[in-house]
Amino acid sequence: MDEQPRLMHSHGVGMAGHPGLGQHMPDGTEGEGRKQDIGDILQQIMTITDQSLDEAQARKHALNCHRMKPALFNVLCEIKEKTVLSIRGAQEEEPPDPQLMRLDNMLLAEGVSGPEKGGGSAAAAAAAAAAGGAGADNSAEHSDYRAKLSQIRQIYHTELEKYEQACNEFTTHVMNLLREQSRTRPISPKEIERMVGIIHRKFSSIQMQLKQSTCEAVMILRSRFLDARRKRRNFNKQATEILNEYFYSHLSNPYPSEEAKEELAKKCSITVSQVPVTVWRQVSNWFGNKRIRYKKNIGKFQEEANMYAARTAVTAASASAQGSQANSPSTPNSAGEFRPEQRLDRSVWLLLNQTESEMVQRV
DNA sequence: GCGTATGATTATAG
DNA sequence: CTATAATCATACGC
C-alpha cells in the first residue's frame with residue numbers, strides 16, 4: 001500500500017509529458033520481459049497521436065489485444081478514480097433535502113401521494129370531518145373538492161411516472177454508453193455509479209418542481225373550498241342580540257367560560273354552521289372580534305352598549321339599584337367596582353376598558 | 001358598485 | 001393552549 005501513491009503519481013506525470021516512463025515501473029520481483037512489455041506499451045500509447053489515423057487504429061487494436069492490457073487498464077481506472085473522485089467526491093453526500101421532505105409530507109397529508117384513491121378520499125373526508133365538527137351537509141359541499149383533488153392527484157401521478165420512466169431510460173442509456181466506453185476508456189464502476197447518482201439528483205430536482213406546483217394547486221384548492229371566510233354567513237338577528245346581551249352585561253369581563261360559550265351557542269341556535277368551524281369556535285370568534293372592535297372604538301359602540309345595558313336593566317327587575325347603574329350612559333368603568341371578584345380574570349381588559357371609557361367620559 | 005360590517009384565519013406572545 | 005391584533009373575504013345596506 002505504501003508504493004501505490006508513488007506509482008500512481010509517476011503515472012500521472014508521465015501521462016502528461018514524459019514518454020520515457022518505462023524505467024520507473026516496478027522493479028526487482030518483476031520479470032525482465034514484463035518490464036519491457038510495459039515500456040513498449042506506454043511508448044506506443046504516448047506516440048499514438050503522432051501517427052496517421054490508419055496506423056493509429058491498427059496500433060490501438062494491437063494494444064487492445066495485448067496481454068498486459070487488462071492490468072494496465074485497471075491501473076488507469078484506479079488512478080482516475082483516486083484523482084477525479086477525490087477532487088469531486090468530497091462535496092457530495094447530501095442529507096435528505098428538508099424542503100423536499102416538507103413537500104412530501106404535505107402531499108402525503110393531503111392524500112395526493114399516499115395510497116390509492118380510497119385512502120385519499122378517506123383522508124380528505126377525515127380532514128373535512130375533523131375540521132367540520134357539525135358536518136351535516138359537508139359531504140355534498142366537499143364532493144366537488146374531492147373531485148378536483150383526485151384530478152390533481154391523477155395528474156401528479158402520471159407526471160411522476162413519466163419522470164420516473166424518463167429517469168430510468170436515461171440512466172440505462174448513460175450506463176450502457178459508459179459501459180461501452182469503459183472498454184476503451186478508463187471508467188470504473190464507481191464512476192458509473194456516481195454518474196447515476198448525479199442523474200438521479202437532477203431528475204429528483206425536476207420532480208421537486210412537480211411536487212411544488214402540486215402542493216400549490218392543492219393549497220389553492222383548499223383555500224377555494226375549505227376556507228371558511230369564503231362561506232361566511234352573518235348570524236341572525238336573534239343570535240347577535242343574545243351575544244351582545246352577554247357581552248354588554250359582562251363588559252367588565254367579557255370572557256365567557258367554556259360552559260357559557262356552549263350555553264350561548266345553544267341559545268343562539270347556531271348549531272348548523274355551513275363552515276368548517278365548530279360552534280364553540282364561532283362563539284369564541286365572535287367574542288374575540290367583539291372585544292377587539294369594542295376596545296378599538298368604544299365611542300362607536302357606546303350607543304349599542306347603552307341599549308343593551310338598558311335592556312338587561314329592564315329584564316332584571318329584582319336588582320333595581322345595580323340595574324340603574326348599568327343603565328346610565330357613562331358607567332362601564334363602575335361595573336368593575338361593582339364586581340370586584342371578577343377582576344382576577346382579565347386585568348388587562350379591565351385596565352384598558354377603564355382608561356378608555358374614562359377618556360370617553362371626559363371628552 | 002362601493003363602503004362598512006362581520007365572521008374567520010393567521011401570526012404572535014404569554 | 002388562549003387572547004389579541006392584523007388581515008382576509010364575504011355579506012349587507014345604500
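Quick caveat, the model's predicted, so the values are computed rather than measured. Quick note on labels: first sequence line is chain A, next is B, and so on, each numbered from 1.
Atom CG of A:Asn297 and atom P of B:dA5 are 9 Å apart (whole Å). When rounded to the nearest whole Å, the span between CG of A:Asn289 and P of C:dT7 equals 14 Å. For the pair A:Lys290 NZ and B:dG7 P, the computed distance is 9 Å after rounding to whole Å. Residue A:Trp280 contributes atom CH2, which lies 14 Å from atom C1' of B:dA8 at whole-angstrom precision. Remark: P of B:dT6 and CD of A:Glu304 are 8 Å apart, rounded to the nearest angstrom. Here B:dG7 presents its P atom at 5 Å from CZ of A:Phe235, a figure rounded to the nearest Å. Taking atom CD on A:Glu258 and atom C1' on C:dA3, their separation rounds to 15 Å, with Å as the unit. One interatomic measurement links the two molecules: CG of A:Asn236 to C1' of B:dG7, which rounds to 14 Å at whole-angstrom precision.
For A:Lys296, no side-chain nitrogen or oxygen approaches OP1 or OP2 of C:dT4 to under 4.0 Å. Between A:Asn285 and B:dA8 there is a side-chain N or O to OP1 or OP2 distance below 4.0 Å. Phosphate contact (OP1/OP2 of B:dA8, side-chain N/O of A:Gln282, threshold under 4.0 Å): present.
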Report, one pair per line, the protein and nucleotides 11-13 of chain B atoms (nitrogen or oxygen only) whose separation is under 3.5 Å.
none

Shorter than 3.5 Å, N or O on both sides, protein versus nucleotides 11-14 of chain C: list them out with atom names.
from	atom 1	to	atom 2	distance (Å)
C:dA11	OP1	A:Arg233	NH1	2.7
C:dA11	O4'	A:Arg232	NH2	2.9

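In terms of the side-chain contact (heavy atoms from CB on, under 4.5 Å) criterion, A:Glu193 has no residue partners (sequence neighbours excluded). Qualifying side-chain contact (heavy atoms from CB on, under 4.5 Å) partners for A:Leu177, counting only residues two or more places apart in sequence or in other chains: none. The side-chain contact (heavy atoms from CB on, under 4.5 Å) check on A:Glu180 picks up A:Arg183, with sequence neighbours excluded.
Between A:Tyr308 and A:Phe247, the distance from one ring center to the other does not fall under 6.0 angstrom.
Atom CE of A:Met68 has more than 12 heavy atoms from other residues, nucleotides or ligands within 6.0 Å.
Comparing C:dA3, B:dA8, C:dT2 by their nearest atom to the side chain of A:Tyr255 picks out C:dA3. Taking the side chain of A:Lys295 as heavy atoms from C-beta on, and the options C:dT2, C:dT4, B:dG7, the nearest nucleotide is C:dT4.
Note on A:Lys290 versus A:Glu304: salt bridge recorded, some NZ/NE/NH1/NH2 to OD/OE distance being below 4.0 Å. Taking a cutoff of 4.0 Å between a charged side-chain nitrogen and a carboxylate oxygen, A:Glu191 and A:Arg194 do not qualify as a salt bridge.
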List the atom pairs, with distances to 0.1 Å, where a side-chain N or O of residues 257-265 of chain A and a protein N or O form a donor-acceptor pair under 3.5 Å, not counting sequence neighbours.
from	atom 1	to	atom 2	distance (Å)
A:Ser257	OG	A:Ala260	N	3.2
A:Lys261	NZ	A:Ser284	OG	2.9

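Residues A:Arg232 and A:Asn234 bring a donor and an acceptor atom of their side chains to less than 3.5 Å of each other.
With DNA chain C read from its 5' end, the first of the two nearest nucleotides for A:Arg293 and A:Ser284 is the one closest to A:Ser284.
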